[in-house]
**Student:** 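Have a look at the structure that comes next, please.
Note that the structure is a prediction, hence the values are computed from the model and not measured.
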Amino acid sequence: MDKNKYKKTIYIIIILYISCFIISTASVFILTGNFIATAASASGMALICILSYAIYKVDDLYISGIILQLSELMDVLLFIDGQKIFPGNEDTVLSKLQNKVIKLSKILKDKNRQAEQEHENIKSLVSDISHQLKTPIANLKMYSSFLADGNFSDEKQKEYIDIICLSVERLNFLSENIIKVSRLEGGIIKLKMHRQSINGTVLKAVKDIYTRAQQKRIEIRYNESGRIELCHDRNWTAEAIFNLLDNAIKYGRPGNIVYLSIKQYGMFAEIAVKDENGVIPYEERNNIFKRFYRGKNSRRQEGIGIGLYLAREIIVKQKGYINLKSSKDGNIFSIMLYIEANFPSC
């Protein structure tokens, strides 16, 4: 109810009281003709009117007090510092309202922090992408201008064309992986969770990486302790396993062996990839799963530092995690997936 309607209602009530007072007094006088009875009736009606007005004023003062207290509460909450005006242990409407508003302010603060973090993530992503694009684009511009000049031998021409092809492949690889990451992070891709053999998923990843391992003369030794079924997305989980295998092969030397195994540990299935590439320094272990991060020992190899990040994101979305341990001469990346994970489609 707005202020004008409220005033109009009060005026109507006052008019009704006055009308009732006049009508009742006149009725008593007409019916009895007794001035004492009429005076008593008038006094009674006047007392009722006075009491009604007193109740109205008390109610008005009470409401004004509540509004004043709410105003003070709002002034405090403008700074969103969670300070309390009313005792929190009181069972009153104002204390309950205060608790609700403070909870709301905390939620808004969390949302603001989340929005700021997302904004920083977007800035970081744009910066990382631009950094990754610089080298291949610069190579394309430089060596294509060399080819346009034409003053070079056939051997140089082949060298320039190979560099251009390599840069194009790098750009294509970068764009494909960035699209995968952005679609996965943005929730555009929905995981298709089904209860199925994780053994078949691992073998799918091995099949995709096998040719690359042969080209580099690296052997993949596969061992499984038994058939394990669990709820997972086959294609995306195979992508995560592929990235771990690709990481082991990319930084491996000819003659190295990559050990791939599947075991069950209680409620979890472990897919472990063990390499012989030297131990990752302890100070780098918290960073290797970050987007576009590349360790000191990996700078001489082609890559953009997105494979391990993508693998972790895929596994985390399936309620699992990736663990990194050191071995005598290398590293062990273990994917841990909960066998009894509960998903609607399973």
**Student:** Examine distances only and state if a side-chain atom of Q157 and a backbone atom of L147 form a donor-acceptor pair shorter than 3.5 Å.
**Tutor:**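 Looks like no, no N/O pair under 3.5 Å.
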**Student:** Quick one: do V202 and I220 end up in the same hydrophobic cluster if we chain Ile, Leu, Val, Met, Phe, Trp and Tyr together by side-chain heavy atoms under 4.5 Å apart?
**Tutor:** yes
**Student:** Looking at I163, I161, D162, which hits side-chain contact (heavy atoms from CB on, under 4.5 Å) with Y143?
**Tutor:**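 When side-chain contact (heavy atoms from CB on, under 4.5 Å) is applied between Y143 and each of I163, I161, D162, only I163 qualifies.
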**Student:** Below 4.0 angstrom, N of the basic side chain to O of the carboxylate: do E159 and K156 qualify?
**Tutor:** yes
**Student:** Is it true that, when you exclude R195 itself, more than 12 heavy atoms of the residues, nucleotides or ligands shown sit nearer than 6.0 Å to its CZ?
**Tutor:** yes
**Student:** Strictly distance-based, threshold 3.5 Å: is any side-chain N or O of N139 a donor or acceptor partner for the main-chain N or O of I164?
**Tutor:** no
**Student:** Would you please test K250 and N277 for side-chain contact (heavy atoms from CB on, under 4.5 Å) and show each step?
**Tutor:** CA-CA 10 Å; K250 183 189 299 179; N277 301 341; over 6 Å; no
**Student:** Give, for atom CD of E239 and atom CG of D233, the distance between the pair rounded to the nearest 0.5 Å.
**Tutor:** 10.5 Å
**Student:** So, do L260 and I271 sit near enough that their side-chain heavy atoms are less than 4.5 Å apart?
**Tutor:** yes
**Student:** Supply the atom-to-atom distance Y160 OH to M142 CE, rounded to the nearest 0.5 angstrom.
**Tutor:**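 Y160 OH to M142 CE: 8.5 Å, rounded to 0.5 Å.
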**Student:** If Ile, Leu, Val, Met, Phe, Trp and Tyr residues are connected whenever their side-chain heavy atoms lie under 4.5 Å apart, and connections chain through other members, are V273 and L324 in the same group?
**Tutor:** yes
**Student:** Any idea which heavy atoms bring A238 and A205 closest together, and the distance?
**Tutor:** O-CB, 3.5 Å
**Student:** Does atom NZ (K263) have a neighbourhood of more than 12 heavy atoms from anything else shown, all under 6.0 Å?
**Tutor:** no
**Student:** Are the side chain of S144 and the backbone of K141 linked by a donor-acceptor contact shorter than 3.5 Å?
**Tutor:** yes
**Student:** Kindly check if the number of other-residue, nucleotide or ligand heavy atoms within 6.0 Å of OH (Y210) is above 12?
**Tutor:**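 For Y210, atom OH is not crowded (no more than 12 foreign heavy atoms under 6.0 Å).
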**Student:** Report the distance from atom OG1 of T201 to atom CD1 of I228, rounding to the nearest 0.5 Å.
**Tutor:**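 If we round to the nearest 0.5 Å, T201:OG1 and I228:CD1 are 11.5 Å apart.
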**Student:** To the nearest 0.5 Å, what is the distance between OH on Y251 and CG on D246?
**Tutor:** 8.5 Å
**Student:** Using the rule that two of Ile, Leu, Val, Met, Phe, Trp, Tyr join whenever any of their side-chain heavy atoms come within less than 4.5 Å, decide whether I198 and L203 are in one cluster.
**Tutor:** yes
**Student:** So how far is it from L245 CG to R212 CZ, rounded to the nearest 0.5 Å?
**Tutor:** 10.5 Å
**Student:** Evaluate side-chain contact (heavy atoms from CB on, under 4.5 Å) for L140 paired with L171, printing each intermediate quantity in order.
**Tutor:** CA-CA 10 Å; L140 285 173; L171 284 173; 3.4 Å; yes
**Student:** Can you give the donor-acceptor pairs under 3.5 Å from side chains of residues 328-339 to other protein atoms, not counting sequence neighbours?
**Tutor:**
residue : atom : partner : partner atom : Å
N331    : OD1  : I280    : N            : 2.8
N331    : ND2  : D275    : OD1          : 3.4
N331    : ND2  : G278    : O            : 2.8
S334    : OG   : E270    : OE2          : 3.0

**Student:** Supply the atom-to-atom distance L244 CG to I315 CD1, rounded to the nearest 0.5 angstrom.
**Tutor:** 8.0 Å
**Student:** Closest approach of A248 and V258, non-hydrogen atoms and distance?
**Tutor:** CB-CG2, 3.9 Å
**Student:** Between K216, R217, R221, which is the residue that forms a salt bridge (Lys or Arg N to Asp or Glu O under 4.0 Å) with E219?
**Tutor:** R221
**Student:** Taking a hydrophobic cluster as the set of Ile, Leu, Val, Met, Phe, Trp and Tyr residues connected by side-chain heavy atoms closer than 4.5 Å, whether directly or through intermediates, do L230 and V316 fall within one such cluster?
**Tutor:**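 Shared cluster, no.
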**Student:** Do the side chains of M193 and Q318 get nearer than 4.5 Å, heavy atoms only?
**Tutor:** yes
**Student:** What pair of heavy atoms forms the shortest contact from N199 to E224, and how long is it?
**Tutor:**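 It is ND2-OE1, 3.0 Å.
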**Student:** Verify the cluster assignment for I209 and Y222: are they in a single hydrophobic cluster under the rule of side-chain heavy atoms below 4.5 Å apart?
**Tutor:**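 I209 clusters together with Y222.
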**Student:** Given side chains that start at C-beta, do those of F242 and K204 come closer than 4.5 Å, heavy atoms only?
**Tutor:** no
**Student:** One thing to verify: whether D110 and K106 come together as a salt bridge, which I'm taking to mean a side-chain N less than 4.0 angstrom from a carboxylate O.
**Tutor:**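 The answer is no: the pair does not qualify as a salt bridge.
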